[in-house]
Amino acid sequence: MSSALKIYNTLTRSKELFEPIDCKNVRIYVCGPTVYDYAHIGNARPIIVFDLLFRLLRHLYGAAHVKYVRNITDVDDKINARAAERGVTIRELTEKTNQIFQEDVEALGCLDPTVQPRATDHIVQMVQIIERLISAGHAYAADQHVLFNVPSMQRYGQLSRRSLDEMLAGARVDVAPYKRGDMDFVLWKPSQLNEPGWDSPWGRGRPGWHVECSAMSWAHLGEIFDIHGGGIDLIFPHHENEIAQSCCAFDREIMAHYWMHNGFLQVEGEKMSKSLGNFITIHGLLHSDCFGGRAWAGAILRLAMLRTHYRQPIDWTVKALEDAANVYNDWMRAIDCVQPSEPTEEFIAALSDDLNFAKAEVHLHILKRSNPGALAACLDFIGFQSHEPSSLAQSKQAQLAKIGLTKSDLEQLISERIEARLTKNWAESDRIRNQLESLGITLKDNKDGTTSWMLSS
RNA sequence: GGCCUCGUGGCGGAGUGGCUACGCAGAGGACUGCAAAUCCUUGUACUCCGGUUCGAAUCCGGACGAGGCCUCCA
């Protein structure tokens with residue numbers, strides 16, 4: 001079985017063999033969050049999906065040879081509006097939001113990207129790109145704004161596969177007096193004194209929406225790189241405009257070779273929206289009972305997310321989380337006290353087929369019986385390593401501490417119960433078992449007469 | 001209106017021309033004081049209608065349905 005990586009490329013709308021520009025320096029960029037509010041569960045999808053890809057690339061090319069950049073957009077009009085609304089400074093808002101985001105992502109079992117650049121640290125590069133675009137005739141300054149002149153780029157619309165005519169037919173574009181073409185989009189715009197702004201050749205202002213990604217990918221990955229990822233909704237206009245900016249600024253045919261997009265998420269069959277009241281955040285799922293009446297471990301959320309192929313639409317349901325929890329707990333029991341060996345080739349090969357997790361999951365079920373060590377290694381591989389034997393022991397200890405029992409207290413209770421069972425005192429036996437169950441500890445009577453304990457799931 | 005996805009058993013979800021995965025849930029059984037866990041058994045599905053073919057869930061055409069984008073959005 002071959003582990004050659006194949007990925008679906010939105011540019012060509014087909015699955016292609018992945019061939020890096022430089023196998024010693026594989027480069028991937030993923031559009032990260034705009035930090036103005038708690039990240040919702042839809043935001044978690046690209047984070048998890050591309051974390052899986054990152055892990056796979058590290059395996060295939062070596063951890064030192066993969067560079068993963070996921071940006072943090074900390075300048076945006078939504079941020080300005082939210083900060084004003086809450087009466088906090090922009091810096092306070094973006095710092096706090098980013099901190100929660102980082103905690104959420106860690107709980108979801110994601111590795112840190114190689115670099116997490118911030119938009120506000122790359123204003124210089126943005127200005128440079130804009131200057132290049134102007135001098136190449138692809139952008140123009142007008143009325144304190146700088147706009148990208150869409151008709152100046154013949155290939156515009158290549159990624160989203162739409163022609164300028166079609167786009168204009170939709171015709172709900174902003175009409176502004178300073179625009180030459182209806183589709184032209186803003187690279188730079190003036191800031192009021194109460195808005196964040198930077199000095200530039202066009203006056204004090206701030207960047208438009210798309211240019212930050214062109215600047216940050218350039219700064220950290222170069223003019224051209226391997227993979228660019230994000231949600232499917234970003235294809236147009238965000239990624240289309242990034243391509244336009246980068247290709248025209250650097251006079252390149254392409255910006256990234258492979259464009260990958262994850263599908264959308266719905267909640268219990270409906271679009272997630274604040275008005276429907278089904279807007280759920282990662283934070284809420286992890287730390288409250290807002291969904292399904294209980295909190296969910298990050299690993300459960302991660303597994304539930306991965307079980308649907310990343311390009312398919314996913315329906316986020318309580319049932320899917322319960323299923324994922326069942327499967328996950330099953331695996332954890334199977335690898336309790338097992339030393340991880342190596343992930344199997346079949347498993348890697350399945351993932352290498354455009355991240356076909358469902359196909360890979362089959363091998364996990366097989367390994368559960370035939371080779372727990374390999375199962376543990378496969379689970380480690382895909383980011384479930386928080387439950388290595390040592391940390392399972394740790395979480396058992398933590399639970400004891402939480403309920404105020406020492407290990408010998410527990411052992412005492414267990415042996416009392418064994419006594420009771422020997423004298424067929426079932427009432428006492430059940431009383432002890434129920435008492436511990438209510439404290440989050442499940443007892444299990446083994447066939448040899450011993451009793452072991454585990455954390456309740 | 002334009003463009004783009006998708007439609008598999010109760011649920012999730014592989015499978016791109018023949019051998020009809022896998023998991024969850026359910027049912028039956030073994031074991032057990034009862035549980036839990038484990039093990040065994042059990043599931044013949046592919047939206048509809050045409051077409052191509054010896055043969056289609058899989059290819060082609062059409063219908064219906066769901067979702068997305070075209071405007072901020074992962």
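Letters A, B, ... mirror the listed sequences (proteins, then strands); counts begin at 1.
To the nearest 0.5 Å, the span separating CD on E268(A) from CD on E270(A) amounts to 9.0 Å. To the nearest 0.5 Å, the span separating NZ on K368(A) from SG on C378(A) amounts to 14.5 Å.
Checked against rC34(B), rA37(B), rA74(B), the side chain of R417(A) finds its nearest nucleotide in rC34(B). Comparing rA36(B), rC34(B), rG68(B) by their nearest atom to the side chain of T442(A) picks out rA36(B). The side chain of D445(A) lies closest to rG33(B) when the candidates are rC4(B), rG33(B), rC69(B). Side-chain proximity of K271(A) to rG68(B), rA74(B), rC34(B): nearest is rG68(B).
Distance, F236(A) CZ to rU5(B) P: 17 Å, rounded to whole Å. One can place OH of Y36(A) at 11 Å from C1' of rA74(B), the figure rounded to the nearest angstrom. L234(A) places its CG atom 10 Å from the P atom of rC70(B), with the value rounded to the nearest Å. Atom CE in M183(A) sits about 11 Å away from atom C1' in rU71(B), given to the nearest Å. Rounded to an integer number of Å, the gap from M272(A) CE to rG68(B) P is 12 Å. Spacing between atom CZ of F101(A) and atom P of rA74(B) amounts to 10 Å, rounded to whole angstrom units. Put simply, CD on E437(A) is 10 Å from P on rA37(B), counting in whole angstrom units. With rounding to whole Å, H238(A) atom NE2 is found 13 Å from rC70(B) atom P.
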Test salt bridge (charged side-chain N to carboxylate O under 4.0 Å, His left out) applied to R311(A) and D354(A), step by step: CA-CA 9 Å; R311(A) 283 192 279 118; D354(A) 195 34; 2.7 Å; yes

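The P atoms of rG18(B) and rA30(B) are separated by 41 Å, rounded to the nearest whole Å. As rounded to the nearest Å, rU20(B) and rC46(B) have C1' atoms that lie 10 Å from one another. Between rA56(B) and rA66(B), the distance separating the two P atoms is 29 Å to the nearest Å. Here, rC60(B) and rA21(B) have their P atoms 24 Å apart, quoted to the whole Å. Separation of the P atoms belonging to rA14(B) and rA37(B) is 28 Å when rounded to the nearest angstrom. Across the C1' atoms, rU44(B) and rC69(B) are found 39 Å apart, a figure rounded to whole Å. Comparing rC54(B) with rG61(B), their C1' atoms sit 22 Å apart, to the nearest whole Å. Using C1' as the reference atom, rU8(B) and rG65(B) are 15 Å apart when rounded to the nearest Å.
Taking the six-membered ring for Trp and thresholds of 30 and 60 degrees, H210(A) and F185(A) have ring planes more than 60 degrees apart, a perpendicular arrangement. Ring-plane geometry between H261(A) and W259(A) is classed as parallel, the angle between the planes falling under 30 degrees on a 0 to 90 degree scale with a further cut at 60. Relative orientation of the H365(A) and W331(A) rings is tilted, given thresholds of 30° and 60° on the angle between their planes. Between F279(A) and H40(A), the ring planes are perpendicular. Angles over 60° get that label, and only those under 30° would be called parallel. Taking the six-membered ring where the residue is Trp, F381(A) and F347(A) present perpendicular rings, their angle passing 60° and hence far from 30°.
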Dot-bracket summary - RNA chain B, pairs being Watson-Crick or G-U whose distances fall under 3.5 Å, with | when paired to another strand: (((((((..(((.....[...))).(((((.......)))))....(((((..]....))))))))))))....

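G42(A) comes within 4.0 angstrom of a nucleotide base, judged by non-hydrogen atoms across all strands. L364(A) comes within 4.0 angstrom of nothing in the nucleic acid, heavy atoms only. Among the protein residues, I235(A) comes within range of no part of the nucleic acid, since none of its heavy atoms lies under 4.0 Å from any strand. R311(A) comes within contact range of no nucleotide atom at all, as no heavy-atom separation falls under 4.0 Å.
Ring-to-base geometry places F264(A) in a stacked arrangement with rA74(B) (centre distance under 5.5 Å, plane angle under 30°).
If R421(A) and R13(A) are placed on RNA chain B by their nearest nucleotide, the residue sitting closer to the 5' end is R13(A).
Side-chain contact check for D445(A) and T451(A): at least one donor-acceptor pair (N or O, by modelled atom type) lies under 3.5 Å. In the model, N80(A) has no side-chain atom that pairs as donor or acceptor with a side-chain atom of Y36(A) under 3.5 Å.
The number of heavy atoms from other shown groups lying within 6.0 Å of CD (E342(A)) does not exceed 12.
Side-chain N or O atoms of T114(A) include one that pairs as donor or acceptor with a backbone N or O of Y68(A) at under 3.5 Å.
Using a 4.0 Å cut-off on heavy atoms, the residues of residues 425-436 of chain A that approach RNA chain B are W426(A), S429(A), D430(A), R433(A), listed by number.
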B/S/- contact track for nucleotides 12-25 of chain B, protein heavy atom under 4.0 Å: SSSS-----BSSSS

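Separation of the Y328(A) and F384(A) ring centroids falls under the 6.0 Å cut-off.
Considering T120(A), T34(A), T94(A) as possible partners of D74(A), the one that fulfils the side chain to side chain donor-acceptor pair (under 3.5 Å) test is T120(A).
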